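A single structure is presented below for examination.
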Amino acid sequence: MAMSGSAIGLGNIWRFPYLVGEYGGAAFVLIYIMACLFISLPIFLAEAVIGRRSGSSNFGAFNKLVPGSRWRWLALLTVFSPFLIVSYYSVVGGWATGYLFKSFAFEFSKPTTEVIGMFGTFSSNVWMPLICHTIFLGLTAGIVAHGVKKGIEKFSNWSMPVLFLMILIIMIYSLSLPGAEKGVEYLVKPDFSKVNGRTVASAMGQSFYSLSLGVGTILTYYSYVSKKENILVSGLGTAAFDLLFAIMSSFAVMGAVFAAGIEPGTGPGLIFESIPFVFNTMGQQMPVISSIVAILFFLTVLISALTSAVSLFEVGVAYLTEERGMSRRNAVIFEFVAAWLLGALCSLSFGPLSSFKIGDLNIFSLCDTLASNFFMTLGGFLFVLFVGWKMKRSDVYDELTCGGTQRLPVCLFSFIYFLMRYVAPLVIGIIFISGLIG
Ligand code: PHE
């Protein structure tokens with residue numbers, strides 16, 4: 001549940017639906033599944049093998065598996081990148097918190113012109129986004145402070161089923177709206193003419209991000225997993241839940257967007273601009289129902305972001321407790337303060353600090369670009385290379401079969417190992433270099 005919680009997040013709600021529509025509907029989903037199976041899943045398994053075999057989080061894991069090796073210094077990068085991500089992810093989680101408050105206050109039933117400009121006004125304000133960022137990061141830190149079992153697992157165990165139930169209700173409602181069939185058509189019509197190199201690259205990038213790879217969240221979570229747990233099964237399960245949620249939110253979001261007769265967008269614009277407009281339009285005929293659905297929707301966004309943020313936050317805490325000897329409480333406070341400060345700068349980069357730019361990127365976009373375009377890919381490359389080339393093949397087999405107690409046909413293992421050793425590093429290497437040269 002915690003693993004799925006990490007995977008299911010904003011990527012599923014604000015990017016996947018758009019990519020599906022833009023890159024050929026069912027054709028894209030098919031390519032996405034392939035990308036998951038042949039590239040992202042091997043990287044997922046690599047992180048899982050390192051984490052569970054070492055029983056340590058990112059930095060210590062490499063040292064334990066190959067003592068004294070220089071790999072651990074590279075691994076420091078994967079301690080830093082989740083910290084970077086959680087800082088700005090928390091700003092977006094804060095926006096979701098703010099919008100949840102707005103839906104409780106029926107703000108989407110205001111005159112349409114006000115709703116359209118709402119996001120710009122909200123995000124460029126100094127205080128409200130900062131307060132919401134503080135609430136969101138505080139919730140994240142609070143869950144992590146309770147520990148892995150009593151905090152993260154307990155929260156994920158009840159929130160994941162609730163999340164699925166909520167997205168199911170929203171999807172059914174959304175698809176029952178007149179005009180939603182255009183959204184369904186946008187999503188499912190397979191259009192192979194839209195499939196090209198970019199489609200494949202987008203599918204790979206999305207599956208990578210969506211499965212939370214390259215920053216050691218999966219590695220850290222697996223360091224807590226019992227030796228009896230079948231890694232292959234839990235990996236496939238996580239990928240399947242993640243895909244199911246992404247497909248359900250695609251129908252929920254695009255059904256409503258098309259029913260309201262607006263252009264589908266992606267990123268923050270889709271959730272914080274298009275969707276409020278949908279609630280505004282719907283609210284003219286059904287004010288009560290539309291307000292309830294708005295509350296459900298922003299609660300879904302908030303919880304899904306929270307379970308992802310928790311996994312990112314835990315990486316830093318695991319490092320500080322395992323390697324720096326801090327107590328969990330102090331580690332949480334330390335990371336909270338540091339992430340709050342960086343997040344505050346990201347939040348202000350939509351308002352008073354908007355003119356501070358490096359290249360044409362504000363602080364928020366700079367953190368996002370650095371983390372998702374460079375650090376994540378580099379991290380994924382590092383993990384898969386370590387398992388494929390530095391660890392013993394027999395150790396990898398041992399880990400995937402839980403010390404030989406679980407069945408894994410040798411030919412299947414050889415295939416997975418081949419993907420880890422050659423295919424995945426090659427593909428991520430290409431993605432990384434093409435990212436560098438733009
Ligand atoms: N998978 C999360 C999402 O889809 C994002 C994430 C990336 C979470 C990396 C943790 C680590 O939003």
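Counting from 1, the numbers follow the sequence of the chain as shown. For clarity, every value in this text was computed on a predicted model and none was experimentally measured. Just the heavy atoms: all of them, side chains too, but no hydrogens, waters or symmetry mates, feed the values below. We count ligands from 1, going down the list as the structure has it; atoms in each ligand are counted the same way.
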Handout entry: Side-chain donor-acceptor pair present, Glu22, Tyr186, cut-off under 3.5 Å
Key = yes
Exercise for the section: Indicate the ring-plane relationship of Phe119 and Phe272, choosing parallel, tilted or perpendicular according to the 30° and 60° boundaries. Expected result: parallel
Exercise for the section: Run the contact test for Arg15 against ligand 1 with a 4.0 Å cut-off on heavy atoms, strictly below, and give the result. Expected result: no
Problem - Ring centres under 6.0 angstrom apart (Phe241, Phe164) - result: yes
Handout entry: Nearest protein heavy atom with distance in Å, relative to atom 12 (O) of ligand 1
Key = Tyr89 OH, 2.7 Å
Completion exercise
Ser210 heavy atoms within 4.0 Å reach ligand 1 at atoms 1 (N), 4 (O)
Exercise for the section: Look at atom 2 (C) of ligand 1 and find which of Gly216, Ser6, Gly11 reaches it with the closest heavy atom. Expected result: Ser6
Handout entry: Numbered atoms and elements of ligand 1 in range of Met376, under 4.0 angstrom, heavy atoms
Key = 7 (C), 9 (C)
Problem - Per-residue contact class, Tyr209 against ligand 1 - non-hydrogen pairs under 4.0 Å - result: both
Exercise for the section: Measure from the ring center of Trp95 to the ring center of Phe350 and say whether it is less than 6.0 Å. Expected result: yes
Practice task
Report yes or no: does Glu47 contribute a side-chain atom to a donor-acceptor pair with the main-chain N or O of Leu219 at less than 3.5 Å?
Solution key: yes
Problem - His133 and Trp340 aromatic ring geometry - parallel, tilted or perpendicular at 30°/60° bounds - result: parallel
Completion exercise
Near Val215 (heavy-atom distance under 4.0 Å), the atoms of ligand 1 are 9 (C), 11 (C)
Exercise for the section: Could you check Gln206, Lys194, Arg198 and say which one makes a side chain to side chain donor-acceptor pair (under 3.5 Å) with Tyr23? Expected result: Arg198
Practice task
Within a distance under 4.0 Å of any heavy atom of Leu10, pick out the atoms of ligand 1 and give their elements.
Solution key: 3 (C), 12 (O)
Handout entry: Numbered atoms and elements of ligand 1 in range of Asn12, under 4.0 angstrom, heavy atoms
Key = 4 (O)
Problem - Salt bridge Glu399-Arg52, side-chain N to carboxylate O under 4.0 Å - result: yes
Problem - For Gly9, atoms of ligand 1 separated by under 4.0 Å from a heavy atom - result: 3 (C), 4 (O), 12 (O)
Completion exercise
Filtering Ser372, Ala7, Ser212, Gly5 for the heavy atom nearest atom 9 (C) of ligand 1 leaves Ser212
